[in-house]
Each structure stands twice: as C-alpha cells, then as structure tokens.
Amino acid sequence: MQNGGRTAIACALAWLIPGAGHLYLGKKAKSIIFFAVVTLTFFFGLAMDGRVYLASPEQPLSYLATFANLGVGPLDLIGRQLSYERIIFRVPDEMDRALYGEVLDRTRRRILVPTHEYGTTFILTAGLMNILLILDVFDIGVGRKA
Amino acid sequence: MLGSHILTLILFAGLVSLFFATLSRDTLREGTRLGSVMFASMVGVSLLIAYLMYFFPLG
C-alpha cells in the first residue's frame, strides 16, 4: 500500500481507538500506554460527573469544546449517552420545550456535583490528547518522525 | 478519592505527564526523566499558586 493510504488508515484508527494508530505503525508499547492513559482520563472524567459539551450558536466557544470532545472518537458517544441519556451534539432548539428542558435539567444536575468541573476537564483533556495522537501518527506516517 | 482536590490534581498530573513523556521521548530513561519533571512541575506550581491564593481575601 502507498505511504499516503497507510497514513490515512493509521490516522483513522487513531481516532477510532486511542493508541490504535501507533499499534498499526508498529509501536506496540506506546500504543498500550496511549490507550490506557486516554481511556482512563476519559472514564475518570465521567466518574467525576463531568459532561461532554453541546454546540450552541449563542456560545461560539462551545463549538471548539465539542470538537475537542469529538477528538476521543466513538468513546464520545458513551459520554453523550451518560451525560444526557441521549446522543446529541447541539443544544436543542428552545422551541422544542420538552427536549430543551430535559437536557437543561440533566446539565444542571451534573453541574451541581462538586467534582463536575474537574470531570469535564478530564473529558476535554482526553479528547485533546487523542487529537495530538492523530497528529503524531500522521507525522510518523509521512516520515517526519521516527 | 475522586472527591479530593489534591488527589485529583495528582491523578491529572500523573496521566498528562505519562502521556507527554511517552509521546515525546523514545527511550525509557529519557521518558522517565521528562515525565518526572513534568509531574513535579505541575504539582509544585499548582501548590504554589494555591498557597499564594491563600493570602487573597474570600469574597
């Protein structure tokens, strides 16, 4: 397979499963550590009642936070299900009163937990770390890094 | 454990240090050194800032 295709597969794997891109490129020891660190950080965050972000046009920075959350790959879906008991990526329209009220209520319940901010930081950090892993896999794939 | 501020700080610093040490160093010796410095820096600076904040009045 050409180098570009191999790099693309490695990057996709790195996004799907933390550390899988490094495993694909033959870095077994590193991949085990990356998988353990990213998933532990993510689940510690959830255990501390952290939450994943929802994008909202009224809060432009929420798009960046949502992007960082999505960096962790399909694990993000677990975070959304546990945070809001449904898989959503945007703050529901206020006109949809039932859904909007439900999401607001679940958010409020989590915010009231003293460790909420820590947990949310852990979850964001897990996503950002996995984005760095994807970039690292890309650099290794194109030969910029050994 | 997850309710303790200091243990949460140590846990976070440990995970992030291990991540960056593994990401940016290839040998165990170099990685251990970088990870230790990062961990000590994060915990040390956090405690220093926390101590300095003690002098600011609440409210």
Side-chain angles (χ1 to χ4, degrees), chain A residues 14 18-23 25-51 68 71-72 110 112-140 144-146, chain B:
Chain A
H22 285 81
L23 184 66
L25 294 176
K27 299 190 177 293
K28 191 179 173 187
K30 282 193 173 196
S31 73
I32 294 167
I33 296 173
F34 289 142
F35 176 79
V37 170
V38 173
T39 49
L40 272 177
T41 306
F42 182 78
F43 284 111
F44 271 129
L46 285 176
M48 284 187 255
D49 281 292
R51 70 187 161 96
V72 82
R110 285 201 169 245
L112 290 175
V113 178
T115 54
H116 168 75
E117 294 289 345
Y118 293 146
T120 303
T121 305
F122 270 64
I123 292 171
L124 272 177
T125 305
L128 292 171
M129 286 196 292
N130 207 39
I131 291 171
L132 277 180
L133 288 184
I134 297 168
L135 295 174
D136 191 56
V137 160
F138 179 79
D139 280 348
I140 295 169
R144 253 186 244 158
K145 189 179 170 187
Chain B
M1 175 194 164
L2 295 177
S4 160
H5 295 281
I6 187 75
L7 287 179
T8 306
L9 163 67
I10 289 169
L11 177 66
F12 186 79
L15 287 166
V16 173
S17 305
L18 177 60
F19 175 81
F20 279 105
T22 311
L23 186 69
S24 47
R25 294 290 183 268
D26 284 325
T27 64
L28 183 64
R29 189 180 163 151
E30 286 177 344
T32 308
R33 193 174 163 200
L34 176 69
S36 306
V37 170
M38 280 186 71
F39 179 77
S41 304
M42 277 194 269
V43 174
V45 170
S46 301
L47 290 177
L48 179 69
I49 291 171
Y51 183 73
L52 291 174
M53 284 168 68
Y54 182 73
F55 296 106
F56 289 94
L58 290 172

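What you see is a predicted model; the values in this text were computed from it and never measured. Within every chain, numbering begins at 1; the chains are lettered A, B, ... in the order of the sequence lines, protein sequences first and strands thereafter.
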Q) Looking only at heavy atoms, which two atoms of Val37(A) and Leu15(B) are closest? And how far apart? A) CG1-O, 3.5 Å
Q.
Can you give me the closest heavy-atom contact between Lys30(A) and Asp26(B), atom names plus distance?
A. NZ-OD1, 2.9 Å
Q) Should we count CZ of Phe55(B) as having more than 12 external heavy atoms under 6.0 Å? A) yes
(Q) Can you tell me if Phe43(A) has over 12 outside heavy atoms packed within less than 6.0 Å of its CZ? (A) yes
(Q) If I take atom CG from residue Leu40(A) and atom CG from residue Leu11(B), how far apart are they, to the nearest 0.5 angstrom? (A) 8.5 Å
Q: Return the option, out of Val16(B), Leu9(B), Leu23(B), Leu18(B), with the maximum number of heavy-atom pairs under 4.5 Å with chain A.
A: Leu23(B)
Q. Pick from Met129(A), Met48(A), Lys145(A): which one has the most heavy-atom pairs with chain B under 4.5 Å?
A. Met129(A)
Q: Select one option (side chain, backbone, both, neither) describing which atoms of Thr125(A) are under 4.5 Å from chain B's heavy atoms.
A: side chain
Q. ring-ring contact (aromatic ring centres under 6.0 Å, His included) with Phe19(B): which residues, sequence neighbours excluded?
A. Phe34(A)
